[in-house]
Amino acid sequence: MGSIALIAPRGSGGVAYVVERLWEGLSREKLPVSKIVISGSPTLFHLKHFSQLQNYDTIIILGSIPPPSHLFIRNETKVILFVHGFIYHEIGNVIAHGRFKEKLGAAYSFLLFEMARKADRIDAYICHSLTACEANRIYNGFILLPQFVFPEEVQKRNEDNIQRGPNPQVVTYTSFANSPRLLKEEALLSLMREVSKRVNRRINLVIVNPAEREPKTEKWGNLVVYRLPFLPRDRFLRLIASSDLYFEACTDEELRLGSIDAGIVGTPVAKLTHPLFVERQDYKDEVLWAASPREFVELVSEYLRDVEDKRLVFSRRYREFLLSRRSWDKVKTPLIRLLRSGL
């Protein structure tokens, strides 16, 4: 196996974290992998470093949008594109509703993505889930790499070390992207308001929204809503650890980074899955999931009524799921096989 370059967009969000974990995983396999972080304009950066990229046997482009220079990489170099999110939906939404400068950037990104697909220079794609591949019109030549953990990260929940308030707390994370697979905040609030009525006690709902600029607090009967802006990962982990439940906003089969982080610190996860994607889930009672809003409200209400007893049960189940189905050693095989293949 030859040298590998991870081409990473600059930033501190989810994609940047995926880059770090992927680099760590490949390094643990003792593969010759380098991490190259883009600075400034991605197009100009790739043109400037084009000769350097030619020296690698494989380049993995993260961030979904390949630069035009990848079309001219020598044929002996494998080009792999890691696609995150629902590109067509998210870019289309920015073009339709964004500011003028955002529209131009989105249109350019759309052009690059379409050009890459039609030029057929991408040797393989990586997606977090089958639904993500299909939403991006990728039907073959792909592998799946779900969000994963390293076994030593997954902690046994020690209730004695957790400071928790007198009322149940649920935390969720939205996204910068406006994606059809994510529940809107209005839907999150509607579901949790119904839960608070069923439980008949105060419930704290913390919504971490990277688009928010300032913290806000609202009260809806028994439901107290705290809206927070983007949090550094260490603070986000502490917030999840001090909560009773993490609400995964994704409605397809994927468990996003927030859900993986919840498992790392021992917090159970709840999820509303669209019926179309239920058969694609590889989890059952390890996650509090339901296929309809009514079932979801009943399930979460039952959990929160008896949260002191049920928290540790679901924490243990989810921890065991991560170790058995989402550890690096369990998910790495398709990627390692791809890197070793001649395509």
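For clarity, every value in this text was computed on a predicted model and none was experimentally measured.
- R233 forms no cation-pi arrangement with F236, by the criterion of a distance under 6.0 Å to the ring centre and an angle within 45° of the ring axis.
- Taking a cutoff of 4.0 Å between a charged side-chain nitrogen and a carboxylate oxygen, E302 and K310 qualify as a salt bridge.
- Under a 4.0 Å N-O distance rule, the pair R317/E320 does not qualify as a salt bridge.
- Taken from CD in E279 to CD in Q281, the straight-line distance is 9.0 Å, to the nearest 0.5 Å.
- Here I336 contributes atom CD1 and R340 contributes atom CZ; the two are 6.0 Å apart, rounded to the nearest 0.5 Å.
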Inset, instruction - Mind running side chain to side chain contact (heavy atoms under 4.5 Å, CB included) on I260 and L322 for me, showing each step along the way? - result: CA-CA 8 Å; I260 301 302; L322 290 183; 3.9 Å; yes
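- For the atom pair F110 CZ and K103 NZ, the distance stands at 14.5 Å (nearest 0.5 Å).
- Of the possible donor and acceptor atoms, one in the side chain of R256 sits under 3.5 Å from a partner among the backbone N and O of Y173.
- When all heavy atoms of H128 and F82 are compared, the pair lying nearest together is CE1-CZ, 3.5 Å.
- In this structure, R28 satisfies the cation-pi test against F150, with its NZ or CZ atom closer than 6.0 Å to the six-membered ring centre and inside 45 degrees of the ring normal.
- Side-chain contact between S34 and W23 is absent, with no heavy-atom pair separated by less than 4.5 Å.
- For the residue pair T131/R280, the side-chain donor-acceptor check at 3.5 Å is satisfied.
- Linking ILVMFWY side-chain heavy atoms closer than 4.5 Å, directly or via other members, places Y226 and F247 in two distinct hydrophobic clusters.
- One finds a salt bridge joining K332 and D329 here, because a Lys/Arg side-chain nitrogen approaches an Asp/Glu carboxylate oxygen to under 4.0 Å.
- Applying the disulfide (SG to SG under 2.5 Å) rule to pairs touching residues 58-127 yields C127-C133, sequence neighbours excluded.
- Here the side chain of D252 pairs no donor or acceptor atom with the backbone of F277 at under 3.5 angstrom.
- Counting heavy atoms from C-beta on, the side chains of V171 and L245 never come closer than 4.5 Å.
- The two residues I95 and A106 have their closest heavy-atom pair at CG1-CB, 3.7 Å.
- No side-chain donor-acceptor contact under 3.5 Å links R181 to the backbone of T251.
- Residues R311 and E308 share a closest heavy-atom pair of NH2-CA, 4.1 Å.
- Between the side chain of Y283 and the backbone N or O of E253, at least one donor-acceptor pair lies under 3.5 Å.
- Taking both residues in full, the closest heavy atoms of E102 and G98 are given as OE1-CA, 3.4 Å, listed atom of the first, atom of the second, then distance.
- Placement of V307 and V224 in two distinct hydrophobic clusters is found when ILVMFWY residues are connected by side-chain heavy-atom separations under 4.5 Å, directly or transitively.
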Inset, instruction - Begin with the C-alpha distance, continue with both residues' side-chain angles, and end with the deciding distance and a verdict on side chain to side chain contact (heavy atoms under 4.5 Å, CB included) for M115 and L112. - result: CA-CA 5 Å; M115 183 169 61; L112 292 179; 3.7 Å; yes
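- Panel note: side chain K271, backbone E248; no donor-acceptor pair is recorded below 3.5 Å.
- Between L191 and V300, the closest side-chain pair of non-hydrogen atoms is not below 4.5 Å.
- Between I60 atom CD1 and L338 atom CG the span is 7.5 Å, to the nearest 0.5 Å.
- W328 and F148 have tilted rings, their planes meeting at an angle from 30° to 60° on a 0 to 90° scale.
- Side-chain N or O atoms of Y318 include one that pairs as donor or acceptor with a backbone N or O of S259 at under 3.5 Å.
- The side-chain heavy atoms of V206 and V170, taken from C-beta on, include no pair separated by under 4.5 Å.
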Inset, instruction - For I203 and L304, run side chain to side chain contact (heavy atoms under 4.5 Å, CB included): C-alpha distance rounded to whole Å, both residues' side-chain angles, the deciding distance at 0.1 Å, then the answer. - result: CA-CA 9 Å; I203 296 175; L304 291 179; 3.8 Å; yes
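- Scored by the side-chain hydrogen bond (donor to acceptor under 3.5 Å, both in side chains) test, R121 finds D123 as partners (sequence neighbours excluded).
- Panel note: side chain D261, backbone L237; no donor-acceptor pair is recorded below 3.5 Å.
- S196 and R193 share no donor-acceptor pair across their side chains, judged by distance under 3.5 Å alone.
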Inset, instruction - Any chance you could lay out the side chain to side chain contact (heavy atoms under 4.5 Å, CB included) test for L255 and R326, step after step, and finish with the verdict? - result: CA-CA 10 Å; L255 294 170; R326 287 291 193 277; 4.3 Å; yes
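- Taking hydrophobic clusters as Ile, Leu, Val, Met, Phe, Trp and Tyr residues chained together by side-chain heavy-atom distances below 4.5 Å, F86 does not share a cluster with V94.
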Inset, instruction - Take Y88 and F113, measure what ring-ring contact (aromatic ring centres under 6.0 Å, His included) needs, and give me the verdict at the end. - result: CA-CA 9 Å; Y88 290 104; F113 191 71; 5.6 Å; yes
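- With hydrogens and angles disregarded, no donor-acceptor distance shorter than 3.5 Å links the side chain of T77 to the backbone of I73.
- V287 and L182 are assigned to two separate hydrophobic clusters, defined by single-linkage of ILVMFWY side chains at heavy-atom distances under 4.5 Å.
- Residues P166 and R202 have side chains not in contact (no heavy-atom distance under 4.5 Å, counting atoms from C-beta outward).
- With contacts defined as side-chain heavy-atom distances shorter than 4.5 Å, the pair V208/L239 qualifies.
- Both L144 and I122 are part of a single hydrophobic cluster, where members link through side-chain heavy atoms under 4.5 Å apart.
- Side-chain contact between P229 and P210 is absent, with no heavy-atom pair separated by less than 4.5 Å.
- Ion pairing between K35 and E20 holds under the 4.0 Å rule for side-chain N and carboxylate O.
- Counting all heavy atoms, side chain and backbone alike, L272 lies closest to P293 at CD1-N, 3.8 Å.
- The disulfide (SG to SG under 2.5 Å) pairs that include a residue from residues 305-334 number zero, where partners must be two or more places apart or lie in different chains.
- Screening K216, R227, E185 for a side-chain hydrogen bond (donor to acceptor under 3.5 Å, both in side chains) with N209, the sole residue that qualifies is E185.
- With hydrogens and angles disregarded, a donor-acceptor distance shorter than 3.5 Å links the side chain of W289 to the backbone of K284.
- Taking CD1 of I126 as the start and CG of L335 as the end, the distance is 5.0 Å to the nearest 0.5 Å.
- Distance alone, capped at 3.5 Å, places no donor-acceptor pair between the N136 side chain and the I138 backbone.
- Distance check: I7 CD1 to L53 CG gives 4.5 Å after rounding to the nearest 0.5 Å.
- No side-chain heavy atom of L81 sits under 4.5 Å from any side-chain heavy atom of I65.
- Residues G258 and Y246 approach most closely at CA-OH, 3.5 Å, considering heavy atoms.
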